[in-house]
Every structure is written in C-alpha cells, then in structure tokens.
Engineer: 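The structure that follows is given in the form of structure tokens.
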Amino acid sequence: MAELLSLEEAVARLVHDGDTVALEGFTHLIPVAAGQEIIRQRRRDLTLVRMTPDIVYDQLIGAGCARKLIFSWGGNPGVGSLHRFRDAVQHEWPVPLEIEEHSHAGMANRYVAGASGLPFAVLRGYTGTDLPAQTATIKPITCPFTGEKLTAVPALNPDVSIVHAQRADRSGNVQMWGITGVQKEAVLAAKRSLVTVEEIVDELAPRPGAVVLPAWVVTAVAEVPGGAKPSYAAGYYERDNSAYQAWDKIGSDREEFTKWLNELTGVTA
C-alpha cells in the first residue's frame, strides 16, 4: 500500500545511485519538482527514461545525474533544443551520456510490455527509419502465424517510475485526468513508484475520463502543490510558457546553468 511521505523523504527512499528512473508526463503533469529533488540529493549514474524528455531532463543531465538516456524525442517544446543534453552528448559535459533512441510507439509499447509482465513488445513500426541500425534494442521478428515481418522491443521495467497527478486520498489512491500519456503504464511497469500530487483529499470525487491508480500499485505519494510547474496540471494551473523560453538562455550557457544549479541546490559561491 502507498505511503504518504514528504518529497524529500520519498526521493531519499526510492531513488538510488545507478537506478533506472522514469519521470513520465506528456506535455502535462510533468513531475518537475521530483526531478529537481533528485538533483538536490545528488543522485548519480542514473539511466533516465522518458518518451519526451524536456527541460527537467535537461536539468538532470546538466547536473551530472545521468549516465544514459532512453527516449523517443527530446527538446524544449515550442522553443528549441535541450542544450545541456546536447553538450553531454557532443562534449561529455559534465559527464558522458549514452543514448538509446526509439519511436513514441516503441516506447509506449515497451512500457505496456513491462506493465504486462512480458519480456518484449511487438509492433508495426520503425520501417523506413535508420533507428534499427542505431539502436541495439530494436530487432526484426517474424510472426509465427502469418510470416509478417514485425519489430520487437524489450520491456521497460524501471527501478522507479515517478509521475505527477492532481489528487490522492489518504489511503494513497491516485486520481489524474487530462492528457495522461503513459503514466499508468510507467507506474505498473516499475519496481517502485512515486506519485506527487497537487493535493491530498479525504475522498476522490468521480470525474469523467479520470485514471485512478489504486494504492496497492503505488509505493509512495507526496503532496507537492505546483509540482508540475512550469508544465500544467488540468484544473489547477496553466503552462508557464515564459519559463520554457527563459530556460533556453539558461541551458545554452554552462556558466548560466551552473548559477541556476547552485541556486537550486543551495550552493554559495
């Protein structure tokens, strides 16, 4: 059953050096506060997983938390590149970064396979791309019934998956709505999970289209109002476009980024 913890305690308990960590959220409900807490606690050698790594992954990479990134697209949405990501790949700053690139469909199917307890997923995909030649975890497979040529990708089972949601009750049942991406699948595929929420309530009122994660599939819940900012949380706050624009300047310069990092972690010059 899910424990109700502070964000600091939850990250300390659940995220360890060398872990494979997924922080999922598709434009919406991105667990930014949790990612920044991982930076504050100076986790290292992480394999970071996400369908669409954006500025919080840029921050984690720039802070030296990651040794590998498994992803399907990376960028500062609506603005441009992730400069800390680029610097790590091209110049190994602050540490070298290994990358493993997939398509969105491939990543989603990998989570589904992990959540289903299967060793791999099969899909019609990657045809006409050079990703199979670049990524060792994309393999051709022949259907034993029809002979059709398909593609197999291995299941994703993170050591810990972290997502953000709107609400949880005091028993640890979680409710989220709006664009939910693969949050459910990421939690179900993981060995451990942390859900940060806008608020903890006595009872979860039913909402059309809402996803409920029962307490028995969640390891810990932390109440973190604003925990998705500068992304948005439907029903609570809108996306802060200016913050994404400001990050482009911060992330593009090592000195500016270092100043930002020192402010986040409380390091004084």
Engineer: Any carboxylate oxygen within less than 4.0 angstrom of a Lys/Arg side-chain nitrogen, looking at Arg40 and Glu8?
Structural biologist: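 Salt bridge absent between Arg40 and Glu8.
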
Engineer: Using the side-chain contact (heavy atoms from CB on, under 4.5 Å) rule, pick out the option among Asp159, Leu60, Leu194, Ile162 that qualifies with Val21.
Structural biologist: Ile162

Engineer: Determine, stepwise, if the pair His28 / Tyr232 fulfils side-chain contact (heavy atoms from CB on, under 4.5 Å).
Structural biologist: CA-CA 5 Å; His28 172 239; Tyr232 71 102; 3.2 Å; yes

Engineer: Does Leu4 share a hydrophobic cluster with Val217, counting links as ILVMFWY side-chain heavy atoms below 4.5 Å and allowing steps through other members?
Structural biologist: yes

Engineer: Under 3.5 Å, is there a donor-acceptor pair between the side chain of Ser252 and the main chain of Lys249?
Structural biologist: yes

Engineer: Can you name the closest pair of heavy atoms from Leu29 and Trp177 and give their distance?
Structural biologist: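 Scanning both residues completely, I find the closest heavy atoms to be CD1-O, 4.1 Å.
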
Engineer: Considering all heavy atoms of both residues, which atom of Val221 and which atom of Ala168 are nearest to each other, and what is their separation?
Structural biologist: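 Where Val221 meets Ala168 most closely, the heavy atoms are CG1-CB, 3.8 Å.
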
Engineer: Please evaluate residues Lys139 and Phe120 with respect to the criterion side-chain contact (heavy atoms from CB on, under 4.5 Å), reporting the C-alpha separation (whole Å), side-chain torsions for both, the decisive distance (0.1 Å), and the verdict.
Structural biologist: CA-CA 10 Å; Lys139 299 292 185 183; Phe120 64 91; over 6 Å; no

Engineer: Do any pairs count as a salt bridge (Lys or Arg N to Asp or Glu O under 4.0 Å) and have a residue in residues 76-104, sequence neighbours left out, and if so which ones?
Structural biologist: Arg67-Glu98, Lys68-Glu98, Lys68-Glu100, Arg84-Asp87, Asp87-Arg254, Glu100-Arg110

Engineer: Using a distance-only test with no angle check, is there a side-chain donor-acceptor pair under 3.5 angstrom linking Ser171 and Asn173?
Structural biologist: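 The criterion, which ignores hydrogens and geometry beyond distance, is not satisfied for Asn173 and Ser171.
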
Engineer: Does Glu256, at its CD atom, have more than 12 non-hydrogen atoms belonging to other residues, nucleotides or ligands within less than 6.0 Å?
Structural biologist: yes

Engineer: List the atom of His164, the atom of Glu198, and the distance in Å for their closest heavy-atom pair.
Structural biologist: NE2-OE2, 2.7 Å

Engineer: Would you give the length of the straight line joining atom CG of Leu14 to atom CD of Glu3, rounded to the nearest 0.5 angstrom?
Structural biologist: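 Those atoms lie 8.5 Å apart.
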
Engineer: Between Asp58 (side chain only) and Phe85 (backbone N and O only), is there a donor and an acceptor less than 3.5 Å apart?
Structural biologist: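 Yes.
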
Engineer: State whether Glu263 and Lys259 are salt-bridged, where the test is any N-O pair (Lys NZ or Arg NE/NH1/NH2 against Asp/Glu carboxylate O) under 4.0 Å.
Structural biologist: no

Engineer: Which atom pair, heavy atoms only, marks the closest approach of Ala186 to Ser161?
Structural biologist: O-OG, 2.7 Å

Engineer: In the single-linkage hydrophobic clustering (I, L, V, M, F, W, Y; side-chain heavy atoms under 4.5 Å), do Val187 and Val182 co-cluster?
Structural biologist: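 No, no single cluster joins them.
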
Engineer: What closest approach, in Å, do Leu5 and Ala10 show between heavy atoms, and which atom pair accounts for it?
Structural biologist: CD1-CA, 4.0 Å

Engineer: Between Arg42 and Asp17, does at least one N-O distance fall below 4.0 Å, as a salt bridge requires?
Structural biologist: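 No.
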
Engineer: Count the heavy atoms of every other residue, nucleotide or ligand shown that sit under 6.0 Å from OH of Tyr236, and state whether that count exceeds 12.
Structural biologist: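 Above 12, so yes.
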
Engineer: What do you reckon, are the aromatic ring centroids of Trp247 and Tyr244 less than 6.0 Å apart?
Structural biologist: no

Engineer: Answer with yes or no whether the hydrophobic clustering places Val197 together with Val56; edges join I, L, V, M, F, W, Y residues whose side-chain heavy atoms lie under 4.5 Å apart.
Structural biologist: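 No, Val197 does not connect to Val56 through the hydrophobic network.
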
Engineer: Can you establish whether the number of heavy atoms outside Gln90 located under 6.0 Å from its atom CD is more than 12?
Structural biologist: yes

Engineer: What's the shortest heavy-atom distance between Ala220 and Val218, and which atoms?
Structural biologist: O-CG1, 3.4 Å

Engineer: Applying a strict under-4.5 Å side-chain criterion to I, L, V, M, F, W and Y, I'd like to know whether Val163 and Val32 cluster together.
Structural biologist: no

Engineer: Looking only at the side chains, is there a donor atom on one of His102 and Ser72 sitting less than 3.5 Å from an acceptor on the other?
Structural biologist: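 There is no such pair between these side chains.
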
